[in-house]
Amino acid sequence: MNVLRNNLDKVISRIEKARIAYSRHQIINFIAVSKYSEILDIEKMYELGQRAFGENKVQDLKTKSQTLTDLPIQWHMIGTLQENKINALLALKPALFHSLDSIKLAKTIEKKAEGSQTSLKALLQVNSSYENTKSGVLPQEAKEIYQEISKNCPHIKLEGIMTIGPTSNNTKAIESCFKKTKDIFDSLQSEGAKTLSMGMSGDFEIAIACGGNMLRLGSVLFQK
Ligand SMILES: *Cc1c(COP(=O)(O)O)cnc(C)c1O
């Protein structure tokens with residue numbers, strides 16, 4: 001418990017410092033990414049006050065959320081979604097799906113959500129680093145695809161965009177990727193985009209400095 005408390009306290013003060021440097025008026029949310037964590041540690045993090053948790057696989061989201069059904073946790077799905085898992089994800093009613101990464105996936109989700117009379121809050125994932133190991137739409141297509149999904153998929157409630165920073169220790173490269181994503185986000189304000197999900201354990205302060213307002217933090221919170 002003490003280790004997790006210490007991790008959480010440190011993370012909160014690091015976020016706060018970066019937030020104040022960016023803008024006193026900025027509001028930052030963070031998701032505790034529990035994909036490598038035991039149920040017991042999720043419960044401890046909950047007791048310490050954390051309410052939003054994220055998983056990158058539908059099966060893990062299902063198992064963990066159903067084990068912790070007594071706790072009013074906000075569950076986020078942050079990983080690549082396979083089409084054969086769409087119905088399972090919809091049934092879990094996640095707080096937010098961060099990784100809508102193609103028009104094709106959007107159309108399939110739309111059909112299934114309409115069929116089961118439900119809807120899904122989602123972020124469009126943008127591959128701002130152009131790394132071919134990463135999913136997402138290309139930056140230059142992002143706005144058009146966002147508008148197309150908003151218009152044609154009434155059962156998908158787009159709330160903003162998500163990106164994963166480049167796999168690199170180069171601060172400048174990370175910054176340039178996050179700035180590009182922030183520009184796309186700004187161009188979507190008129191479409192109602194309000195969430196910019198970027199920043200992980202290794203790069204969240206850079207993400208905050210570039211205007212990210214939702215962080216996805218795993219190891220920095222759960223490591224012992
Ligand atoms: C695992 C994961 C994270 C958290 O990674 P850490 O580096 O442990 O903070 C964030 N986003 C996605 C999409 C992930 O898969």
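In each ligand, atom 1 is the first atom listed, and ligand 1 is the first ligand listed. As a basis for the values below, the full set of heavy atoms in this structure was taken, side chains included, without hydrogen atoms, waters or symmetry mates.
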- Task: Check whether any side-chain N or O of Glu191 sits under 3.5 Å from a backbone N or O of Ser150 as a donor-acceptor pair, and report yes or no.
- Result: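 Pair absent, no side-chain N/O of Glu191 close to backbone of Ser150.
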- Report the part of Lys35 (side chain from C-beta onward, or backbone N, CA, C, O) that has a heavy atom under 4.0 Å from ligand 1; answer both or neither where that applies.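 For Lys35, only side-chain atoms sit under 4.0 Å from ligand 1.
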- Item | Which segment of Ile78 sits under 4.0 Å of ligand 1 when only heavy atoms are counted |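 Both backbone and side chain.
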- Task: Is it possible for you to say whether Ile156 and Val58 belong to one hydrophobic cluster, with membership spreading through side-chain heavy-atom contacts below 4.5 Å?
- Result: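 In one cluster with Ile156: Val58, yes.
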- Report yes if some N/O of Gly218 lies less than 3.5 Å from some N/O of ligand 1; otherwise report no.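 Checking ligand 1 against Gly218, an N or O pair does fall under 3.5 Å apart.
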- Item | Heavy-atom nearest neighbour of atom 10 (C) of ligand 1 within options Met77, Met162, Met200 |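 Nearest option to atom 10 (C) of ligand 1, by heavy atoms: Met200.
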- Under 3.5 Å, is there a donor-acceptor pair between the Thr167 and Lys134 side chains?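 Note: Thr167 and Lys134 side chains meet the donor-acceptor criterion.
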Pull out every atom of ligand 1 sitting under 4.0 Å from any heavy atom of [X], numbered as shown with elements.
| X | answer |
| --- | --- |
| Arg216 | 4 (C), 9 (O), 10 (C), 11 (N), 12 (C), 13 (C) |
| Ser201 | 6 (P), 7 (O), 8 (O), 9 (O) |
| Ser219 | 6 (P), 7 (O), 8 (O), 9 (O) |
| Leu217 | 9 (O) |

- Query: Below 4.0 angstrom, N of the basic side chain to O of the carboxylate: do Glu16 and Arg19 qualify?
  - Reply: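 Yes, Glu16 and Arg19 are salt-bridged.
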- Sequence neighbours left out, what passes side chain to side chain donor-acceptor pair (under 3.5 Å) with Arg14? Give chain and number order.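 Testing Arg14 for side chain to side chain donor-acceptor pair (under 3.5 Å), a comparison that skips the adjacent residues, returns Glu205.
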- Message: Holding to side chain to side chain donor-acceptor pair (under 3.5 Å), I want the full list of residues that pass it with Lys93, two or more places apart in sequence or in another chain.
- Response: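 Partners of Lys93 by the side chain to side chain donor-acceptor pair (under 3.5 Å) criterion, ordered by chain and then number, come out as Thr118.
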